[in-house]
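Working notes, structure below.
In each ligand, atom 1 is the first atom listed, and ligand 1 is the first ligand listed. Worth knowing before you read on, the calculation uses all heavy atoms, side chains too, and leaves out hydrogens, waters and symmetry mates.
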Amino acid sequence: MSLALSFFLATISASMPSPREIRVLDNESALAEAVAGFLASTIEETLRRKPRVRLVLSGGSTPRRLYRTLAQPEWAKRIDWTSVLLFFGDERCVPPDHPESNYAMAKEALIDPLQIAPQQVMRLRGEAEPEEAASHYEATIREAFAPDQTPFPRFDLIFLGLGDDGHTASLFPSSPALREQRRLVVPTSSPVGIPHRLTMTFPLLNAAVTVVFLVTGSSKASILRRVQEERDSAAPLPASRIRPANGRLIWYVDRAAASALPSA
Ligand SMILES: O=C(O)[C@H](O)[C@@H](O)[C@H](O)[C@H](O)COP(=O)(O)O
């Protein structure tokens with residue numbers, strides 16, 4: 001094979017997203033344990049190559065079980081949290097102690113129990129003016145990746161959830177934020193719950209080394225099937241557009257959420 005052809009094939013294969021992996025666990029508890037194990041292995045493997053791990057937490061209610069599991073002694077002793085920088089994929093525009101704050105949930109379930117130092121936690125300032133908060137967070141991300149000035153920094157692992165309308169992070173169907181191709185973080189709005197949000201954008205999320213979706217419960221069965229079956233439709237659901245160009249996409253789902261999948 002000529003050098004030119006092998007280079008061409010390498011380039012093509014490098015630009016094709018890796019296949020998505022769906023891992024079905026019996027229930028929420030088994031899912032939390034499995035994801036904790038995956039996170040521990042990912043952190044261990046990353047720290048063999050780099051001095052720190054940059055991890056993005058998801059909001060919503062699903063990840064709370066995972067965060068509480070990670071705070072348990074048997075997991076706390078397995079993970080070197082002193083080498084982990086925590087970021088948030090999105091935030092509601094509320095104060096950090098508001099019951100709807102994604103930061104407040106992670107603080108209660110993970111950060112405080114593990115005594116993770118404040119300087120390791122990059123909080124999205126939900127209490128600030130949204131444009132200012134978005135710009136500040138973009139600067140925070142770029143500082144955390146310096147001197148690497150890649151246009152879209154590659155987080156080592158990003159956790160995401162799935163809304164029953166197909167949204168993920170705070171990227172909601174029909175939102176202008178879905179079209180953002182330049183910025184890392186933008187203000188946006190939600191049709192449900194807290195209206196004003198901040199969210200990481202598709203280019204940043206899809207730059208990740210690994211993206212892990214956490215989906216549990218029978219209420220997500222229908223939307224999970226739609227997302228898995230959607231192929232290049234004219235208006236794909238936001239969660240369907242999460243396809244790390246040079247990374248892994250893994251769906252951790254429980255049996256209830258997977259009940260509508262063809263292989264279920
Ligand atoms: O701020 C948020 O709410 C999340 O970023 C959002 O994308 C969440 O992951 C989904 O809405 C699923 O939420 P549940 O886990 O509560 O079902």
Between [X] and ligand 1, which part of the residue brings a heavy atom under 4.0 Å of the ligand: side chain, backbone, both or neither?
X	answer
E91	neither
D164	neither
L162	backbone

How close does the nearest protein non-hydrogen atom get to [atom], and which residue and atom is it?
atom	result
atom 13 (O) of ligand 1	G60 CA, 4.0 Å
atom 15 (O) of ligand 1	T62 OG1, 2.6 Å
atom 3 (O) of ligand 1	R92 NH2, 2.7 Å

Can you tell me if [X] uses its side chain to pair, donor with acceptor, with the backbone of [Y] under 3.5 Å?
X	Y	value
Q120	V84	yes
T150	F152	no
N206	R241	yes
S101	D97	no

Contact atoms of ligand 1, heavy-atom distance to [X] under 4.0 Å:
X	value
S58	9 (O)
R197	1 (O)
D90	1 (O), 2 (C), 4 (C), 5 (O)
K220	12 (C), 14 (P), 17 (O)
H167	6 (C), 7 (O), 10 (C), 11 (O)
G161	9 (O)

Query - Distance under 6.0 Å and angle within 45° of ring axis: R123 vs Y103 - result: yes

Report task. Establish, yes or no, whether the cationic atom of R54 lies under 6.0 Å from the six-membered ring centre of F145 and within 45° of the ring axis. Result -> yes

Query - Contact (N/O only, under 3.5 Å) between S170 and ligand 1 - result: no

Requested in this report: Mind running side chain to side chain donor-acceptor pair (under 3.5 Å) on W75 and E33 for me, showing each step along the way?
Outcome: CA-CA 9 Å; W75 288 110; E33 292 291 331; 2.9 Å; yes

Query raised in the report: Does the side chain of P153 reach to within under 4.5 Å of the side chain of D148, using non-hydrogen atoms?
Result: no

**Report entry** Closest candidate by heavy atom, reference atom 6 (C) of ligand 1, pool P238, G89, A169, G163
**Finding:** A169

Report task. Take the angle between the ring planes of F87 and F155 and call it parallel below 30°, perpendicular above 60°, tilted in between. Result -> perpendicular

